[in-house]
Every structure is written in C-alpha cells, then in structure tokens.
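I have placed the structure first, in the form of structure tokens, so that the comments after it can refer back to it.
Computation of the quantities below employed the complete heavy-atom set of this structure, encompassing side-chain atoms and omitting hydrogens, waters and symmetry-equivalent molecules.
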Amino acid sequence: MHIEVAYALENKQTLLSLEVQVGTTLKQAIEVSGILDSYPQIDLLKDKTGIFGKIAKLDTILREKDRVEIYRPLIADPKEVRKQRAAQGKEMRGGKKS
C-alpha cells in the first residue's frame, strides 16, 4: 500500500513516498523510510508522531494513503506567544491614542 512519511524543520521539509505491506505500523514505516538516517535528531521515544495532523502512537496500523508525520518539539509555548502578541497590540493601540 502507498503511504508518505513527512518531517519538517524550520527551513527544510522532507516528504517521502513509499510502498509498505498491509499491517505496517507507524514506527515500521518511519524506520523503513530511511528518514532517521537523514535526521539523526529525531528521537521516536521523545518526539510525537501522527497521521494527517492527529497524534498517533507508534504501534498504530497504517492504512492506504496515510501520511505519517514526525513532530518537532515546540520552541515556544503557543499560549505564551499569543499573550505576548496581545500585550504588544495593546501597547501599540495605547500609543496611537496619546
């Protein structure tokens, strides 16, 4: 069956298409793809994985045309970033009224 394995860095994305046997797990697909050789920083014990943007465990059985994704750890907390942007927006609006 046909699947894809995806991994993205800030400035580089890799999308590999491959044929695997029915019954292949997410972890097996990642290992067979060879992506771990290209990106040694990937740690399947720490990094989250998913299928089409939904978190999935390594033992998940894949289906035809699944896109396996390996997620990088977040550098910043998204909630904190939104708070900072909101605070900056208030400062900018406050400065224009004066």
- Shortest non-hydrogen contact from Gln13 to Ala8? CG-CB, 3.7 Å
- Message: A side-chain contact here means heavy atoms from C-beta on lying under 4.5 Å apart; do Val5 and Leu18 qualify?
- Response: yes
Distance-only criterion, 3.5 Å: show the donor-acceptor pairs between side-chain atoms of residues 41-54 and protein atoms not counting sequence neighbours.
from: Asp43; atom 1: OD1; to: Leu45; atom 2: N; distance (Å): 2.9
from: Asp47; atom 1: OD2; to: Asp43; atom 2: N; distance (Å): 3.0
from: Thr49; atom 1: OG1; to: Ala56; atom 2: O; distance (Å): 2.9

- Item | Counterpart residues, salt bridge (Lys or Arg N to Asp or Glu O under 4.0 Å), relative to Arg63 (two or more places apart) | none
- Cluster link Val20 to Ile61, ILVMFWY, side chain under 4.5 Å: no
- Task: Kindly indicate, with the supporting measurements, whether the criterion side-chain contact (heavy atoms from CB on, under 4.5 Å) is fulfilled by Ile30 and Ile35.
- Result: CA-CA 7 Å; Ile30 291 170; Ile35 203 161; 4.0 Å; yes
- Task: Please report the C-alpha distance between Tyr39 and Ile70 in whole Å, then the side-chain angles of each, then the deciding distance to 0.1 Å, and finally whether the side-chain contact (heavy atoms from CB on, under 4.5 Å) criterion is met.
- Result: CA-CA 11 Å; Tyr39 298 98; Ile70 305 163; over 6 Å; no
- Note on the structure: Nearest heavy-atom approach of Ser33 to Leu16 is O-CD1, 3.7 Å
- Query: How far apart are the closest heavy atoms of Ala29 and Ile3, and which atoms are they?
  - Reply: CB-CD1, 3.6 Å
- Message: Leu36 vs Glu31, test: side-chain contact (heavy atoms from CB on, under 4.5 Å). Steps then yes/no.
- Response: CA-CA 7 Å; Leu36 298 175; Glu31 291 171 343; 4.2 Å; yes
- Any side-chain heavy-atom pair of Arg72 and Tyr7 under 4.5 Å: yes
- With distance as the sole test, does Glu64 use its side chain to make a donor-acceptor pair with the main-chain N or O of His2 at under 3.5 Å? yes
- Message: Once rounded to the nearest 0.5 Å, what's the spacing between atom NZ of Lys27 and atom CG of Leu62?
- Response: 13.5 Å
- To the nearest 0.5 Å, how far apart are OG1 in Thr60 and CD in Gln28? 11.5 Å
